[in-house]
Protein chains: 2
Amino acid sequence: MNEVPDGKMRRGDTRAHLLEAVAGLLEERGIEAVTLRAVGERAGVSRQAPYKHFADKGELLSVLAARYFERLAEEMISAAEEAEGTPFGRLEAMLEAYAQVALASPARYRLMFGSEVRRRPYPEVHEAARGLYGRLVGVVAECQETGKLRGGDPVGLAALLYATVHGAVDLALARHAGEGEKGLGDPLAIVRSLLAHLSDGP
Amino acid sequence: MNEVPDGKMRRGDTRAHLLEAVAGLLEERGIEAVTLRAVGERAGVSRQAPYKHFADKGELLSVLAARYFERLAEEMISAAEEAEGTPFGRLEAMLEAYAQVALASPARYRLMFGSEVRRRPYPEVHEAARGLYGRLVGVVAECQETGKLRGGDPVGLAALLYATVHGAVDLALARHAGEGEKGLGDPLAIVRSLLAHLSDGP
DNA sequence: ACGCTAAGTTGACACCGTCAACCACCGCTG
DNA sequence: CAGCGGTGGTTGACGGTGTCAACTTAGCGT
């Protein structure tokens, strides 16, 4: 029903335009600029058009958030592939990619974990987030097999790593303009410090 | 000017009532129920009364958030005092208290780090948060002196601990109702795991 | 040719934060 | 004691927002 080859109907086009408009507004002017009226105008439709494609504003934002989770996962994977061959190197690359992507666009990251999305249990978001987490668990397990990472439950270790990188990024984003909490401004340093403490070898 | 002993004028009373109303609404019905009209009604005044005591809604929320930071710091300190005498035991108690307080009232914690407060650089909030962080740095330094914690920059270590406990709590609060990310549901376990990895001796 | 339905539009509503103007009362000064 | 300024409080109004409802349009299958 959606794959009209050309015509000029192009069903489903406005849905993509809407998501694109949300993304543009979000990054250019922040989350509070994302209003349904502004989204409609930017997408070239009226304010109520989104309701033909999404249940409400929350679902619209959730769909975009899910895409961001997927993109973050892809970024981590591609960073791991470019890294040195050792599992530990890949783990390091993944976590650094996570932090860098998050810091590169604070508005996106805030959307992913913000209350607008968190409030409703929209399944796509959670599935995407879980996929990301699953990748992490897998690489951690590999690191343990090679002995570079200490043993124990790989799930617990992955949870520790995930919590730390998320917390470090979130705190760095929360600091308003150069404040006094020294050490909290550089998430990459925090993550590397954790990895250093966890790594077994020299 | 504020210390009218009795009379019936009781200057400054409504300000406290307003903050109390915000706190009540926040915990009973969530952040989105905190509207100036509802706050006024609950405090027994009109909707515009808050503007006589606070610049705007954001400042009202920020003042409450600052108090929550202070209370969290107090809770951590009192937990540390009740703990065993060793610095490491106090550090453990402080971090566990942090997680427990945060989990006990998600709405409070979200307010403290939420966008309404984060957006404006209200100095009280940041000062309170910095005070909390400073305590942590101090105890970490003590632990390093006793040799129970590995050496290195105490600020960096404190940042790692703070990021981890914050991230663990935030992720636990973000999970909507029992999801598939195993290991992320128990912030205390994550924090203890980190402490175990960081502690030097048995 | 004729509806059916999906997509899009405008109108209206309730709610929100906030600006403005107005009122009451206390404590001060002449 | 008269007057008065400021503090705390109120109601009115405005622009903005998400959303419900009703209406229009266009393309499709029968």
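Everything numeric here is computed off the predicted structure, so don't read it as measured data. To find a chain, count down the sequence lines: A is the first, B the second, and so on, and within it residues start at 1.
A heavy atom lying under 4.0 Å from DNA chain C marks none of the residues of residues 24-35 of chain A.
Judged as a ring pair (Phe, Tyr, Trp, His ring centres under 6.0 Å), and not counting sequence neighbours, the contacts of F69(B) are F113(B). Take P50(B) and apply the side-chain contact (heavy atoms from CB on, under 4.5 Å) test, not counting sequence neighbours, and it matches L18(B), L36(B). Residues passing the salt bridge (charged side-chain N to carboxylate O under 4.0 Å, His left out) test with R47(B), sequence neighbours excluded: none. Not counting sequence neighbours, E92(A) has no partner by the salt bridge (charged side-chain N to carboxylate O under 4.0 Å, His left out) test. For Y98(B), the side-chain hydrogen bond (donor to acceptor under 3.5 Å, both in side chains) partners are Y109(B), not counting sequence neighbours. Under the side-chain hydrogen bond (donor to acceptor under 3.5 Å, both in side chains) criterion, R42(B) pairs with E28(B), not counting sequence neighbours. Shown here are the salt bridge (charged side-chain N to carboxylate O under 4.0 Å, His left out) partners of E32(A), two or more places apart in sequence or in another chain: R119(B).
Look at CG on L61(B): it is 14 Å from P on dC16(C), rounded to the nearest Å. A straight line from CD of E41(A) to P of dG8(C) spans 17 Å, rounded to a whole angstrom. The separation between D56(A) atom CG and dT19(D) atom P is 5 Å, rounded to whole Å. Remark: C1' of dG16(D) and CG of L36(B) are 15 Å apart, rounded to the nearest angstrom. Put simply, CZ on F54(A) is 16 Å from C1' on dT19(D), counting in whole angstrom units. The CZ atom of R15(A) sits 14 Å away from the C1' atom of dA6(C) (whole-angstrom rounding). One atom, CG of D13(B), and another, C1' of dG9(D), lie 14 Å apart when rounded to the nearest Å.
The side chain of T14(A) places an N or O atom within less than 4.0 Å of a non-bridging phosphate oxygen (OP1 or OP2) of dG8(C).
Other residues, nucleotides and ligands place no more than 12 heavy atoms under 6.0 Å from the CD atom of E127(A). Heavy-atom contacts from other residues, nucleotides or ligands closer than 6.0 Å to CZ of R150(A) number more than 12.
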Under 3.5 Å, N/O pairs linking protein and nucleotides 9-12 of chain C:
unit_1	atom_1	unit_2	atom_2	d
dT9(C)	OP2	S46(A)	N	2.6
dT9(C)	OP2	S46(A)	OG	2.9
dG11(C)	N7	R47(A)	NH2	2.4
dG11(C)	O6	R47(A)	NH2	2.7
dG11(C)	O6	Q48(A)	NE2	3.4
dA12(C)	N6	R47(A)	NH2	3.3

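Of the candidate nucleotides dG9(D), dG8(C), dG17(C), dG8(C) has the atom nearest to the side chain of H53(A). The side chain of Y51(A) has dT19(D) as its nearest neighbour among dG8(C), dT19(D), dT18(C).
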